[in-house]
Number of protein chains: 2
Amino acid sequence: MPLDAEQIVHALNDRGLRLTRQRRAVVDAVAGASSSVSPLQVFDAARAACPELGLTTVYRTLEALSEIGALRRVHGPDHCEAFVPAGAAHGHTVVCSRCGSVVEFTDCDMHAVVVAAGEQTGYRITEHFLQLSGECPACAAEGT
Amino acid sequence: MPLDAEQIVHALNDRGLRLTRQRRAVVDAVAGASSSVSPLQVFDAARAACPELGLTTVYRTLEALSEIGALRRVHGPDHCEAFVPAGAAHGHTVVCSRCGSVVEFTDCDMHAVVVAAGEQTGYRITEHFLQLSGECPACAAEGT
DNA sequence: GTGCGTGCAAATTCTTTGCAATGCA
DNA sequence: TGCATTGCAAAGAATTTGCACGCAC
């Protein structure tokens, strides 16, 4: 389960980062998003709550949030700079190819795959980046 | 095993695409790369063989090669538009976190993971994008 | 009060597009 | 020869940076 807005705010405090109106708006925008969001999307959404918000600040805030682990970057075939609220644990994202909604799953047992890949390639695998896509339940249901 | 330059050229012909000096240079540059390459890197490398090559052409050619399946896009934490010669079969890339070299592995059994993810999230998973990183044998050996 | 954080505007970087000229099939 | 492909230059989009001011702590 992704961190909610309060938890992210808390994480900011823990790091000694200040909570400004702008950051609050950005956090709310991202935490309330049902799918991954690009900096521009965050800008639009957060601006509703904080009209004097600047795009620069959005970039800086997303960067900061991502550094403290509150957000996670996701990559897709098209968009390459999108963010998603990160879960507390190591996890992967599942993106709906229809509506773009994103969920996380943490129950990943990649051990066997990692071992197999290591054996086949000779590399010493230390990290894996996995992203799944498919249809979310809602889209699957409404799809004929 | 990735396609070599000749195979890519062949793939071009099959699609009715013309083989120009520029495309030849781009193909050679990508096929000869030991790691993933960005459009700019391709431009630099290919320019050595074809000085009149334009950057525009590099973008268009990479796009075309990617469309016919000769190249594969890879994403990293930092760079987001990099290409790698694609193998003939479904495969994944393993990137060395030290030297950036890339290999493919095709022996991927993601079935169990995909099923588990589907059960946990309720999504109907149709695709997976996996990228591993670690140390290649050479870097692991020279690392103290 | 002290800086961290901000907005603005300009600079930079990356990518795409229009169009006439070129050269592959 | 015909038409896909190219290069150039300019447009466009996305992101970063410099700097003085304002506000959270």
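Both backbone and side-chain heavy atoms feed into the values below; hydrogens, waters and symmetry mates do not. Sequence lines set the chain letters: A, B, ... in the order given, protein chains first and strands last, and positions in each chain run from 1.
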Q: Give a yes or no on whether a salt bridge exists between R124(B) and E119(B), defined as a side-chain N under 4.0 angstrom from a carboxylate O.
A: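 No, R124(B) and E119(B) are not salt-bridged.
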Q: Nearest-Å distance, CG (D14(B)) to P (dA25(C))?
A: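 So the two atoms are 14 Å apart, to the nearest Å.
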Q: Report the nucleotide, chosen from dC19(D), dG5(C), dT15(C), that has the shortest atom-to-atom distance to any side-chain atom of R60(A).
A: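 Per side-chain heavy atoms of R60(A), the pick is dC19(D).
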Q: In whole Å, what is the span from the CZ atom of R23(A) to the C1' atom of dG22(D)?
A: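 Roughly 14 Å, once rounded to whole Å.
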Q: Do L65(A) and L19(A) belong together in a cluster built from hydrophobic side chains that touch within less than 4.5 Å?
A: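 Both belong to a single hydrophobic cluster.
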Q: Counting C-beta onward and ignoring hydrogens, is there a side-chain heavy-atom pair between L62(A) and V30(A) closer than 4.5 Å?
A: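 A side-chain contact exists here, since the closest heavy-atom pair is under 4.5 Å.
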Q: Nearest-Å distance, CG (L53(B)) to P (dG23(C))?
A: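 The answer, rounded to whole Å, is 14 Å.
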Q: Quick one: the side chain of R18(A) and the base of dC4(C), do they pair up donor-acceptor inside 3.5 Å?
A: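 It does, because a donor-acceptor pair links the side chain of R18(A) to the base of dC4(C) below 3.5 Å.
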Q: Whole angstrom is fine here: how far is it from CG in L55(A) over to P in dA10(C)?
A: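 Going from L55(A) (CG) to dA10(C) (P), I get 16 Å.
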Q: Starting from C1' on dT5(D), measure out to CZ on R24(B) and report it in whole angstrom.
A: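 Spelled out: CZ on R24(B) to C1' on dT5(D) is 17 Å.
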Q: With respect to the side chain of T20(B), which nucleotide from dT6(D), dA14(D), dC14(C) is positioned closest?
A: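 Nearest nucleotide to the side chain: dT6(D).
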Q: Rounding to a whole Å, what distance do you find between L62(A):CG and dT16(D):P?
A: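 Going from L62(A) (CG) to dT16(D) (P), I get 10 Å.
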Q: Rounded to whole angstrom units, what separation is found between the CZ atom of R47(B) and the P atom of dT6(D)?
A: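 It is 14 Å, rounded to the nearest whole Å.
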Q: Please test N13(A) against V9(A) for side chain to side chain contact (heavy atoms under 4.5 Å, CB included), starting from the C-alpha separation and ending with a verdict.
A: CA-CA 6 Å; N13(A) 283 331; V9(A) 167; 4.2 Å; yes
Q: If you check every side-chain atom of Y59(A), which of dT16(C), dA14(D), dT6(C) has the closest atom?
A: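 Of the options given, the side chain of Y59(A) lies nearest dA14(D).
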Q: Rounded to whole Å, please give me the gap between CD in Q41(B) and P in dT13(C).
A: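 Distance check: Q41(B) CD to dT13(C) P gives 16 Å.
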Q: Side-chain N or O of Q22(B) less than 4.0 angstrom from OP1 or OP2 on dG7(D)?
A: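 Affirmative; the distance criterion is met.
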